[in-house]
Amino acid sequence: SAVKSDAAPVPPVRDLDTPEEVAEMVRRFYQDVAQDPLLGPIFMEVAQVDWNEHLPKLTAFWNRVLLGLPGFSGNPMRAHAEVHEQVPFTPALFDRWLTLFHDTVGGGWVGPRADQALALARNVARVHSAQLTGTAFEWVPTGEAGDPPCWEASVVDHRDVDERDGVDARLGVSPRR
C-alpha cells in the first residue's frame with residue numbers, strides 16, 4: 001500500500017550543474033512535450049521523433065550549452081526547417097514550448113544554471129522563429145500560461161482536460177468540435 005504524506009511540496013534546491021541533472025530535465029521536459037495536445041502531434045506525427053535516438057542528442061546539446069561538455073553535433077536549424085515546411089511554426093507553438101520548458105525547469109531546479117537554461121531556451125525560440133518565420137518570437141510569461149510550481153499552488157494537469165472546455169483557446173488554437 002502507498003504511504004500518503006500530508007507534507008507540503010518543497011521548492012527545488014538543486015541546480016542544473018551536473019550531466020545527470022541536465023539529463024533529468026531533458027527527460028521530464030520532452031515527456032511533457034510528447035504528451036502535450038499542441039506540441040505532441042508535431043513531434044510524434046509530423047517529425048516522427050524516435051525518442052531513443054533524439055533524447056541523447058537533446059541531452060548532449062543542453063550539456064554542451066550549460067556545462068561546456070563535448071559530445072553534441074548536428075544542425076538543429078535544418079531539422080526544424082524540415083518540420084516547419086510541413087507544419088508552419090506559429091507563435092502559439094513557440095509559446096507552448098517555452099511555457100513547458102519554464103514549468104519543467106522551475107518545478108525541479110533553481111540557481112544560476114537553471115536561470116541560464118531559461119535564458120537559452122528563450123534565445124533558441126527567438127533565433128528559430130526569426131529564421132523560420134521571419135519574426136523573432138519574444139516570450140513574455142503572463143503568469144497564466146503555465147502551471148505554478150507545486151509549492152506555490154495546486155498544479156493542474158491540462159493534458160487530460162477535454163478540449164471542448166476551452167483549454168486550447170488561450171494557446172491560440174480553436175477547440176475541435
Can you get from Leu120 to Val110 by hopping between Ile, Leu, Val, Met, Phe, Trp and Tyr side chains that sit under 4.5 Å apart?
-> no
Report whether Leu58 and Val83 are members of the same hydrophobic cluster (ILVMFWY, side-chain heavy atoms less than 4.5 Å apart, transitive linking).
-> yes
Which heavy atom in [X] sits nearest to a heavy atom in [Y], and how many Å separate them?
| X | Y | answer |
| --- | --- | --- |
| Thr18 | Asn63 | O-OD1, 4.4 Å |
| Pro12 | Gly106 | CG-O, 3.7 Å |
| Ala114 | Asp15 | N-OD1, 2.8 Å |
| Ala92 | Leu38 | O-CD2, 3.7 Å |
| Met25 | Trp109 | CA-CH2, 3.4 Å |
| Gly71 | Ala60 | O-CB, 3.9 Å |

Any side-chain heavy-atom pair of [X] and [Y] under 4.5 Å:
| X | Y | value |
| --- | --- | --- |
| Gln116 | Leu16 | no |
| Val22 | Arg113 | no |
| Asp36 | Trp97 | no |

Might you work through the ring-ring contact (aromatic ring centres under 6.0 Å, His included) test for Trp62 and Tyr30, ending with a clear yes or no?
-> CA-CA 13 Å; Trp62 285 102; Tyr30 282 99; 8.8 Å; no
Backbone of [Y] reached by a side-chain donor or acceptor of [X] within 3.5 Å:
| X | Y | result |
| --- | --- | --- |
| Thr133 | Ala130 | no |
| His84 | His80 | no |
| His54 | Val49 | no |

Residues Phe137, Asp95; criterion side-chain contact (heavy atoms from CB on, under 4.5 Å); working and verdict = CA-CA 8 Å; Phe137 179 79; Asp95 180 68; 3.7 Å; yes
Residue pair Arg27, Trp51: steps toward the side-chain contact (heavy atoms from CB on, under 4.5 Å) verdict | CA-CA 10 Å; Arg27 186 195 65 75; Trp51 292 109; over 6 Å; no
Approximate separation, where rounding is to 0.5 Å, of [X] [atom1] and [Y] [atom2]:
| X | Y | atom1 | atom2 | value |
| --- | --- | --- | --- | --- |
| Thr104 | Asp32 | OG1 | CG | 5.0 Å |
| Leu93 | His128 | CG | NE2 | 13.0 Å |
| Arg64 | Thr59 | CZ | OG1 | 13.5 Å |
| Leu69 | Phe61 | CG | CZ | 13.0 Å |
| Ile42 | Phe89 | CD1 | CZ | 6.5 Å |
| Thr135 | Arg126 | OG1 | CZ | 14.0 Å |

